[in-house]
Amino acid sequence: MDVNDREADLIGALCGGLPLVSRPFAELGRAVGMDEDEVIARLHALSTRGVIRRLGVIVRHHELGYRANAMVVWDIPDHEVSETGRRLAACPEVTLCYRRPRRPPAWPYTLFTMVHGHDRAEVEAAIAALAVREGVARHPRAVLFSLRRFKQCGARYQRRAAAE
Amino acid sequence: MDDTDRAIVNALQGGFPITERPFADAAAALGLTEDELIGRLRTLLADGVLSRFGPLYNADRFGGHNTLAAMAVPEERFDEVAALVNLHPEVAHNYRRDHALNMWFVVAAESLDRVHQVLTEVQARTGLPVYDMPKSREFRIGLRLEA
């Protein structure tokens, strides 16, 4: 656990969002018994340590017009995964990039990327261009479009932290 | 949404100032007043373009654990299995995808034991194999979208 009790209080108070007022950190502090300076110092520390990845607007993809998203998975030889992962992660079309274990024979893929677009055709074109440009077109890949979203967020997940 | 809204969404998906008057500082960078920025953020939230104005946390740093799980669910059982899976409060982001492995969901819990317990329960209740694919390395989690 990288978070102390005071920080946990602050994180809890911030979960629902930052108050949209002139001095939001002072208002946030009132909820947890901290003054504005303490809130600011603690939030800086949490950001520096990476507990808070970023602070700002959290957009709804669908409402912004991003109606297609594909999980693009790649079967990259183990000795190339790190370099390829870093390269794909640097591409503007790629929003997430993880290495995960293979589960053969059902699942040979190890590098998981996410590509968002306004529609399916745009996403498919972006993936094809990306594969050629980054020199990964020769590796087996699969493109899994999302067909339906059943659950955006679990109760516990929401309460704990809105991460990823 | 007009051009100013788009500029706000694009500029504020990260790097919001942690200062005494952050909205005033952010507004100045966008050529707006503090009141204008706050008013527009309220509207974007009310219209549902934004889900929140706040932090995006790294759940790993809370001592929490999560994984991505996948299942191959027969077509005729899809809704039934989805309902069983979604019963668990630890399950988030359940997506149907176009592949033999057609159900993909995230399990997030306080402990790794609990994550595994949920996967075992899902397997027992549905009688279907669950593939556990925890991330072994993160190359990027940047999710920013141009408005």
Side-chain angles (χ1 to χ4, degrees), chain A residues 1-3 11 14 17-18 20 22-25 36 40 43-44 47 49-61 63-64 66 71 85-86 88-89 94-101 103 106-107 116 142 144-157 160-164, chain B residues 8-9 12-16 18-24 34 38 41-42 48-59 61-64 68 70 72 82 86 89-101 104 108-109 131 133-145 147:
Chain A
M1 186 73 107
D2 295 350
V3 175
I11 287 164
L14 194 52
L18 195 65
L20 298 178
S22 179
R23 300 184 66 166
F25 300 119
E36 188 180 38
I40 287 174
L43 289 178
H44 274 297
S47 297
R49 276 153 47 211
V51 176
I52 294 177
R53 288 182 191 277
R54 54 190 170 85
L55 187 61
V57 300
I58 313 287
V59 301
R60 287 188 209 271
H61 309 164
E63 278 67 17
L64 265 189
Y66 287 84
M71 188 169 83
R86 278 193 297 272
L88 293 183
V94 172
T95 49
L96 298 170
C97 186
Y98 294 116
R99 181 176 185 175
R100 298 182 185 276
R103 298 293 183 224
W107 192 256
H116 290 259
L144 284 74
F145 277 95
S146 73
L147 302 178
R148 190 171 151 199
R149 184 179 74 194
F150 287 88
K151 194 171 182 182
Q152 171 78 35
C153 219
R156 175 184 303 259
Y157 201 63
R160 287 183 57 79
E164 295 177 42
Chain B
I8 290 171
V9 170
L12 295 188
Q13 286 182 55
F16 187 67
I18 303 175
T19 57
E20 287 187 1
R21 293 184 61 191
F23 292 105
E34 183 182 40
I38 289 176
L41 286 171
R42 287 211 170 108
V49 175
L50 306 181
S51 63
R52 287 184 301 126
F53 188 91
L56 196 64
Y57 292 119
N58 180 351
R61 301 290 168 87
F62 291 83
L68 178 67
N86 294 347
E90 294 87 354
V91 169
H93 303 297
N94 191 351
Y95 280 92
R96 177 171 185 158
R97 294 190 179 275
D98 55 352
H99 188 268
L101 292 179
W104 291 81
Y131 296 95
M133 302 188 200
K135 69 184 168 206
S136 47
R137 176 143 178 218
E138 175 182 303
F139 293 100
R140 176 188 181 97
I141 173 155
L143 197 49
R144 296 170 74 104
L145 298 171

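Protein chains get the first letters and strands the later ones, always in sequence-line order, with residue 1 at the start of each. Computed over heavy atoms, backbone and side chain alike; hydrogens, waters and symmetry mates excluded.
Side-chain atoms of A/Trp107 and B/His99, non-hydrogen and from C-beta on, do get closer than 4.5 Å to each other. Side-chain contact check for B/Lys135 versus A/Arg99: every heavy-atom pair is 4.5 Å or farther apart. B/Phe139 is not listed as a side-chain neighbour of A/Leu88, based on a closest heavy-atom distance of 4.5 Å or more.
A/Leu20 CG to B/Ile38 CD1: the interatomic distance, rounded to the nearest 0.5 Å, is 6.5 Å. Atom CD of residue B/Glu20 and atom CD of residue A/Glu36 lie 4.5 Å apart, to the nearest 0.5 angstrom. Here B/Ile18 contributes atom CD1 and A/Ile52 contributes atom CD1; the two are 6.0 Å apart, rounded to the nearest 0.5 Å.
Between A/Phe25 and B/Phe16, the ring planes are tilted. Angles from 30° to 60° get that label.
Here the closest heavy-atom approach between residue B/Val9 and residue A/Val57 is recorded as O-CG2, 3.8 Å. Minimum interatomic distance between B/Glu34 and A/Ser22 (heavy atoms only, all atoms of both residues): OE2-OG, 2.8 Å. B/Pro134 and A/Arg103 get closest at one heavy-atom pair: CD-NH2, 4.0 Å.
The salt bridge (Lys or Arg N to Asp or Glu O under 4.0 Å) search around A/Arg86 returns none, not counting sequence neighbours. Looking at residues two or more places apart in sequence or on another chain, you find a side chain to side chain contact (heavy atoms under 4.5 Å, CB included) between A/Ile58 and B/Ser51, B/Arg52, B/Leu56.
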- Item | Stepwise side-chain contact (heavy atoms from CB on, under 4.5 Å) check, B/Tyr95 with A/Met71 | CA-CA 11 Å; B/Tyr95 280 92; A/Met71 188 169 83; over 6 Å; no
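A donor-acceptor pair under 3.5 Å is formed between the side chain of B/Arg97 and the backbone N or O of A/Leu144.
The choice from A/Gly17, A/Ser47, A/Pro101 that makes the most heavy-atom pairs within less than 4.5 Å of chain B is A/Pro101.
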